[in-house]
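Please read the structure below before turning to the comments.
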Amino acid sequence: MAHIIDGKLISDTIKTEIATSVKGLLDKGLRAPHLAAVIAGDDGAALSYVSSIEKQCKGVGFMSSVYHLSPNITEEEFLATIDFLNNDDEIDGYIIQMPLPKQISIDKVTAHVSPAKDMDCFHPENMGNLLLGKECYLPATPHGVIELIQRSGIETSGKNCVIVGRSNIVGKPLSMLMLQKSINATVTVCHSRTENLPQVCRRADILIVAIGQPEMITAEYVKEGATVIDVGIHRLDAPDQPKGYRLCGDVKFDEVSQICGAITPTPGGTGAMTTACLLQNTLTARMKKM
Ligand code: NDP
């Protein structure tokens, strides 16, 4: 049975580190970091993510604000909210929660965000800096994956890393991070058109999966002893379960954990890390103002 990489434990450690830094600020009579979230509409998953961010901000001693806008808001009004957040010195950073209503252009909104307050690293300037290996806010989910790997003591230098998924929020930025000179992995990025996917995945010492396909990655895709990081998260109907559903990832955990060396569970793996890394970015933004 593989070593289970405990994302909850590692994210709790990061949050304790953040809380200690916040206490240091408050002890000096300085303001705590302040993270804002903008959400338009009533998507259940988005609302519950934002409410979990608020709770976790409180847990580390941050201030938080939620701008819950109407799903009918005009693009002009939405951009005016972003302008307000860009200009408010008391807000260190913010996130814009997806999905956005149809009438609002994601590209326009992203370009409007101040790179200094872009806690999700969506702005082209931050993405460009990430590509160039320059200092920038790191996108939360990919950063969480890196933290999980590094804090678990998994060797990356010279290792074959296969990332399945090339989205702008997970796969692509993760590939850039795994290539950085501090990490030194040899990176392959796969997608829906990749041929012989199981064979390519079996070359991986570190297999990272972000495809949005419940339990697609079976033992056939995994080399014995590999590290498997599962970014996917799904809620599947399960009438026999007390809640009527169960959570799972993109990896068939029960099967893959029998042959790999280390693996993240779902829940309790990468999900918990995303918010911890978002809080870390907000702390960095606050510290930059000192
Ligand atoms: P996207 O749908 O944006 O991207 C999915 C990627 O997977 C695409 O590149 C797609 O290829 C590829 N893909 C889809 N099906 C296959 C297949 N059968 N074989 C090979 N490649 C495939 O998803 P995201 O990156 O946004 O999210 C991925 C998963 O991670 C989801 O389950 C999501 O819920 C989860 N997630 C978890 C987070 C966390 O905090 N843990 C945060 C963000 C996401 P192509 O480009 O060719 O279409």
Side-chain angles (χ1 to χ4, degrees), residues 43 45-46 98-100 102 105-107 109-111 120-124 126-133 138-146 148-149 154 156 158-180 183-236 247-257 259-266 269-271 273-274:
D43 179 87
M98 300 296 148
L100 292 179
K102 287 190 298 289
S105 147
I106 295 183
D107 288 345
V109 168
T110 306
D120 267 331
C121 185
F122 283 169
H123 191 281
N126 282 324
M127 271 289 179
N129 283 333
L130 176 65
L131 173 71
L132 296 170
L138 299 179
T141 301
H143 186 198
V145 170
I146 301 293
L148 278 181
I149 291 173
I154 291 158
T156 53
K159 299 296 177 192
N160 282 328
C161 172
V162 175
I163 299 171
V164 195
R166 57 174 166 182
S167 72
N168 286 340
I169 63 164
V170 189
K172 257 189 238 169
L174 195 46
S175 69
M176 291 300 121
L177 288 172
M178 290 303 288
L179 272 180
Q180 307 233 337
I183 298 188
N184 282 322
T186 302
V187 182
T188 305
V189 183
C190 303
H191 45 80
S192 64
R193 307 297 168 92
T194 300
E195 290 185 356
N196 302 323
L197 186 63
Q199 194 184 327
V200 177
C201 289
R202 277 198 306 272
R203 291 209 298 261
D205 302 304
I206 301 170
L207 178 63
I208 307 175
V209 188
I211 49 179
Q213 306 286 345
E215 299 183 331
M216 189 187 109
I217 300 299
T218 56
E220 182 201 1
Y221 291 74
V222 180
K223 178 167 81 173
E224 204 178 327
T227 295
V228 180
I229 308 286
D230 188 357
V231 180
I233 179 142
H234 311 275
R235 183 191 278 209
L236 298 186
L247 297 176
C248 73
D250 289 340
V251 175
K252 203 164 178 54
F253 181 87
D254 291 347
E255 192 177 306
V256 171
S257 59
I259 60 158
C260 69
I263 185 167
T264 58
T266 305
T270 54
M273 294 298 292
T274 296

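In what follows, every heavy atom counts, from backbone to side chain, and hydrogens, waters and symmetry copies are set aside.
For Leu247, the side chain to side chain contact (heavy atoms under 4.5 Å, CB included) partners are Arg235, Tyr245, Pro267, not counting sequence neighbours. In this structure Asp205 satisfies the salt bridge (Lys or Arg N to Asp or Glu O under 4.0 Å) test together with Lys223, sequence neighbours excluded.
For Cys161 against Ile208, the heavy-atom pair with the smallest separation is SG-CD1, 3.8 Å. In terms of heavy atoms, Ser257 sits closest to Ile263 at CB-CG2, 4.1 Å. Considering every non-hydrogen atom in both Ile106 and Leu100, the closest pair reads CG1-CD1, 3.8 Å. Among all heavy-atom pairs drawn from Ala219 and Ile259, the shortest one is O-CD1, 3.6 Å. Across all their heavy atoms, Val164 and Cys201 have their closest contact at CG2-SG, 3.7 Å. Contact between Pro198 and Tyr221 at its shortest, heavy atoms only, is CA-CD2, 3.6 Å.
The backbone N or O of Thr218 sits nowhere less than 3.5 Å from a side-chain atom of Glu255 that would complete a donor-acceptor pair. Proximity of a side-chain donor or acceptor of Asn196 to a complementary backbone N or O of Gln199 within less than 3.5 Å is not detected. Between the side chain of Thr141 and the backbone N or O of Val170, no donor-acceptor pair lies under 3.5 Å.
Partner of Ile146 under the side-chain contact (heavy atoms from CB on, under 4.5 Å) criterion, out of Leu174, Leu138, Thr156, Ile229: Leu174 alone. Exactly one of Leu130, Asp120, Ile169 qualifies for a side-chain contact (heavy atoms from CB on, under 4.5 Å) with Pro139. That residue is Leu130.
Side-chain contact between Ile211 and Ile217: present, with at least one pair of heavy atoms (C-beta onward) separated by less than 4.5 Å. A 4.5 Å side-chain heavy-atom check between Asp250 and Val231 finds every atom pair outside the cut-off.
The stretch residues 168-177 participates, sequence neighbours left out, in these side-chain hydrogen bond (donor to acceptor under 3.5 Å, both in side chains) pairs: Asn168-Lys172.
Rounding to the nearest 0.5 Å places CG of Asp230 at 9.0 Å from CD of Glu215. The structure places CD1 of Ile206 at 5.0 Å from CD1 of Ile149, a figure rounded to the nearest 0.5 Å. One finds the CG atom of Asn184 at 10.0 Å from the CE atom of Met178 (value rounded to the nearest 0.5 Å).
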Original post:
For His234 and Gln213, what are the C-alpha separation, side-chain angles and deciding distance, and is it a side-chain contact (heavy atoms from CB on, under 4.5 Å)?
Top reply: CA-CA 8 Å; His234 311 275; Gln213 306 286 345; 5.7 Å; no
